[in-house]
Amino acid sequence: MDSHTVFISLGSNLGNREKALKDAVNSLSPDVTPTAFSKIYETPPWGYDQQPTFLNQVIRVKTALPPFDLLDKLKSIEKDLGRRPTFRYGPRLIDMDILFFDAIVISSERLTIPHPEIENRAFVLVPMMDIAPDFIHPVSCRPITNLAKDVSKKKIKEYQPKEEIGRDHA
Ligand code: AMP
């Protein structure tokens with residue numbers, strides 16, 4: 001079976017945020033295997049200001065699942081972990097987005113890969129810098145290091161985990 005390399009962003013701003021990231025990572029197996037973890041960052045809300053700060057992390061995974069099956073899996077993990085629908089950019093217990101899937105480009109109603117907001121989001125580019133600074137965006141053909149120069153990193157603070165997260169998967 002083909003093995004794909006995928007980058008997934010994780011975010012949480014409700015409840016025990018650190019546990020939500022950890023539970024999301026632990027729910028990926030057996031068909032999705034984490035292979036690298038960024039540090040965790042505390043970041044201001046995006047899109048809608050009146051809500052708590054987020055914890056964000058990016059992970060690299062290996063999987064044989066095709067893109068839409070992976071999306072279904074991530075959405076079902078979000079649901080299982082207790083995410084309830086709010087409004088666009090509203091607070092969420094856990095959010096999992098597919099950032100990159102190999103060098104695949106998909107533009108459909110349900111799924112856009114690479115994720116269309118990558119270039120605008122320091123909370124994605126800063127953690128990507130931890131684990132894949134040389135990864136080339138397959139549409140703009142710019143490496144992550146170059147994309148990261150164009151966003152303000154001022155408000156992206158490294159977060160000190162209270163528990164070890166993801167180390168057992170590395
Ligand atoms: P969200 O509010 O971030 O959970 O995303 C809402 C919807 O965005 C999902 O139900 C997906 O169908 C859609 N979507 C489009 N592109 C992506 C992507 N690259 N990763 C995750 N969700 C995506």
Side-chain angles (χ1 to χ4, degrees), residues 2-17 19-29 31-38 40-129 131-132 135-142 144 147-148 151 156:
D2 277 355
S3 175
H4 304 289
T5 299
V6 185
F7 292 91
I8 295 173
S9 86
L10 308 172
S12 169
N13 80 332
L14 285 182
N16 184 336
R17 302 170 302 168
K19 181 172 183 303
L21 298 186
K22 188 177 184 178
D23 288 349
V25 166
N26 287 338
S27 305
L28 292 167
S29 67
D31 33 6
V32 179
T33 306
T35 54
F37 298 83
S38 77
I40 296 175
Y41 294 89
E42 184 145 37
T43 72
W46 196 93
Y48 173 70
D49 287 349
Q50 304 303 309
Q51 57 176 326
T53 56
F54 276 80
L55 291 188
N56 287 104
Q57 185 177 34
V58 170
I59 61 174
R60 187 185 67 209
V61 302
K62 286 227 164 289
T63 185
L65 293 178
F68 283 90
D69 291 12
L70 178 62
L71 177 69
D72 289 343
K73 169 144 189 138
L74 299 184
K75 295 297 134 191
S76 93
I77 292 173
E78 287 181 353
K79 204 156 163 249
D80 290 350
L81 293 182
R83 176 167 168 185
R84 298 285 171 263
T86 56
F87 48 90
R88 196 170 187 214
Y89 305 136
R92 65 264 321 265
L93 189 69
I94 187 71
D95 185 42
M96 305 175 86
D97 287 336
I98 301 172
L99 300 174
F100 299 106
F101 193 107
D102 295 330
I104 282 176
V105 178
I106 296 176
S107 188
S108 78
E109 203 178 318
R110 273 191 73 220
L111 187 58
T112 306
I113 294 176
H115 193 285
E117 295 292 345
I118 291 169
E119 288 98 325
N120 306 321
R121 293 182 169 176
F123 67 80
V124 164
L125 290 169
V126 170
M128 273 299 290
M129 286 288 289
I131 56 174
F135 185 84
I136 309 274
H137 189 296
V139 177
S140 68
C141 298
R142 295 170 66 192
I144 297 299
L147 294 172
V151 292
I156 311 294

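Numbers here simply count residues along the sequence, with the first being 1. As the structure lists them, so they are numbered: ligands from 1, and atoms in each ligand from 1.
S12 places a side-chain N or O within 3.5 Å of a backbone atom of L93 that can act as its donor or acceptor partner. For the pair T35 (side chain) and R60 (backbone), a donor-acceptor distance under 3.5 Å is present.
If you look at L74 next to ligand 1, there are no close heavy atoms at all, none under 4.0 Å.
Not counting sequence neighbours, D102 has no partner by the salt bridge (Lys or Arg N to Asp or Glu O under 4.0 Å) test.
Proximity annotation for atom 19 (N) of ligand 1: of D97, T112, L71, I113, T112 comes nearest, heavy atoms only.
For H115, no nitrogen or oxygen atom sits less than 3.5 Å from a nitrogen or oxygen atom of ligand 1, counting backbone and side chain alike.
Less than 4.0 angstrom separates some heavy atom of D95 from each of these atoms of ligand 1: 1 (P), 3 (O), 4 (O).
The minimum heavy-atom distance between I131 and V58, with the atom names listed, is CD1-O, 3.6 Å.
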